[in-house]
Amino acid sequence: MVVEMELSETEIDRVFHALAAATRRDILRRTIEREQSVSALAADYDMSFAAVQKHVAVLEEAHLIVKRAEGRERLVRADPAMIARARALLARYEDLWRARIDRLDAILAETQKNPPNEGD
């Protein structure tokens with residue numbers, strides 16, 4: 001199975017929006033651990049069932065979770081493929097920053113080796 005790693009700008013926006021709320025991050029964490037019903041998720045928050053459903057919908061729109069019907073229940077589980085794609089995006093950002101820090105370190109090392117003349 002080949003997993004596309006590049007995210008579109010729209011997908012990136014949806015992922016960061018979904019992860020911006022602590023409740024959604026917690027729902028994602030819980031659904032990584034195991035599949036759960038929306039009712040079970042809602043029972044642990046001090047908010048309405050409808051509010052939890054909205055959080056789940058945002059995560060589902062970002063493709064970070066998958067929801068399926070089993071009888072009258074809606075079961076939710078994390079989508080490891082999208083989490084891997086988001087992780088790859090963050091790793092690229094990290095690589096860019098590490099490269100910038102490495103260049104700065106090289107400039108500072110060169111400056112220490114060859115300090116500028118006082119009259120310059």
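Both backbone and side-chain heavy atoms feed into the values below; hydrogens, waters and symmetry mates do not.
When all heavy atoms of Q36 and A40 are compared, the pair lying nearest together is OE1-CB, 4.3 Å. The two residues H17 and R24 come nearest to each other via the heavy atoms O-NH2, 3.1 Å. Scanning all heavy atoms of the two residues, the minimum distance from V15 to A86 falls at CG1-CB, 4.0 Å. When every heavy atom of A18 is checked against every heavy atom of L59, the shortest pair comes out as CB-CD2, 4.0 Å. Contact detail for H55 and I27: the closest heavy-atom pair is CB-CD1, 3.8 Å.
In terms of hydrophobic clustering, with Ile, Leu, Val, Met, Phe, Trp and Tyr side chains grouped at heavy-atom distances under 4.5 Å, I65 and L75 are assigned to different clusters. In terms of hydrophobic clustering, with Ile, Leu, Val, Met, Phe, Trp and Tyr side chains grouped at heavy-atom distances under 4.5 Å, L19 and V58 are assigned to different clusters. Cluster annotation: V38 and V66 are assigned to distinct hydrophobic clusters (Ile/Leu/Val/Met/Phe/Trp/Tyr, side-chain heavy-atom contacts under 4.5 Å, transitive). Both V76 and L64 belong to a common hydrophobic cluster when Ile, Leu, Val, Met, Phe, Trp and Tyr are linked at side-chain heavy-atom distances under 4.5 angstrom. Linking Ile, Leu, Val, Met, Phe, Trp and Tyr residues whenever their side-chain heavy atoms come within less than 4.5 Å places V56 and Y45 in a single cluster.
Note that OG1 of T23 and CG of L41 are 11.0 Å apart. Values are rounded to the nearest 0.5 Å. For the atom pair S37 OG and R74 CZ, the distance stands at 11.0 Å (nearest 0.5 Å). Rounded to the nearest 0.5 Å, atoms CD (E6) and CD1 (I12) are 8.0 Å apart.
Applying the salt bridge (Lys or Arg N to Asp or Glu O under 4.0 Å) test to every pair with at least one member in residues 25-38, sequence neighbours left out, gives these pairs: D26-R29, R29-E33, R30-D44, E35-R68. Pairs engaging residues 95-109 under the side-chain hydrogen bond (donor to acceptor under 3.5 Å, both in side chains) rule: E94-R98 [sequence neighbours left out].
Evaluated for a salt bridge (Lys or Arg N to Asp or Glu O under 4.0 Å) with E61, the options K67, R14, K54 yield exactly one hit, R14. Evaluated for a side-chain contact (heavy atoms from CB on, under 4.5 Å) with E110, the options L108, I107, N114 yield exactly one hit, N114.
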Test side-chain contact (heavy atoms from CB on, under 4.5 Å) on L89 and F16; report intermediate values, then the result. CA-CA 11 Å; L89 170 69; F16 281 120; 4.0 Å; yes
Before you tell me yes or no, could you show the steps for E11 and M82 under side-chain contact (heavy atoms from CB on, under 4.5 Å), namely the whole-Å CA-CA distance, both residues' side-chain angles and the distance that decides it to 0.1 Å? CA-CA 10 Å; E11 288 173 315; M82 181 54 94; 4.1 Å; yes
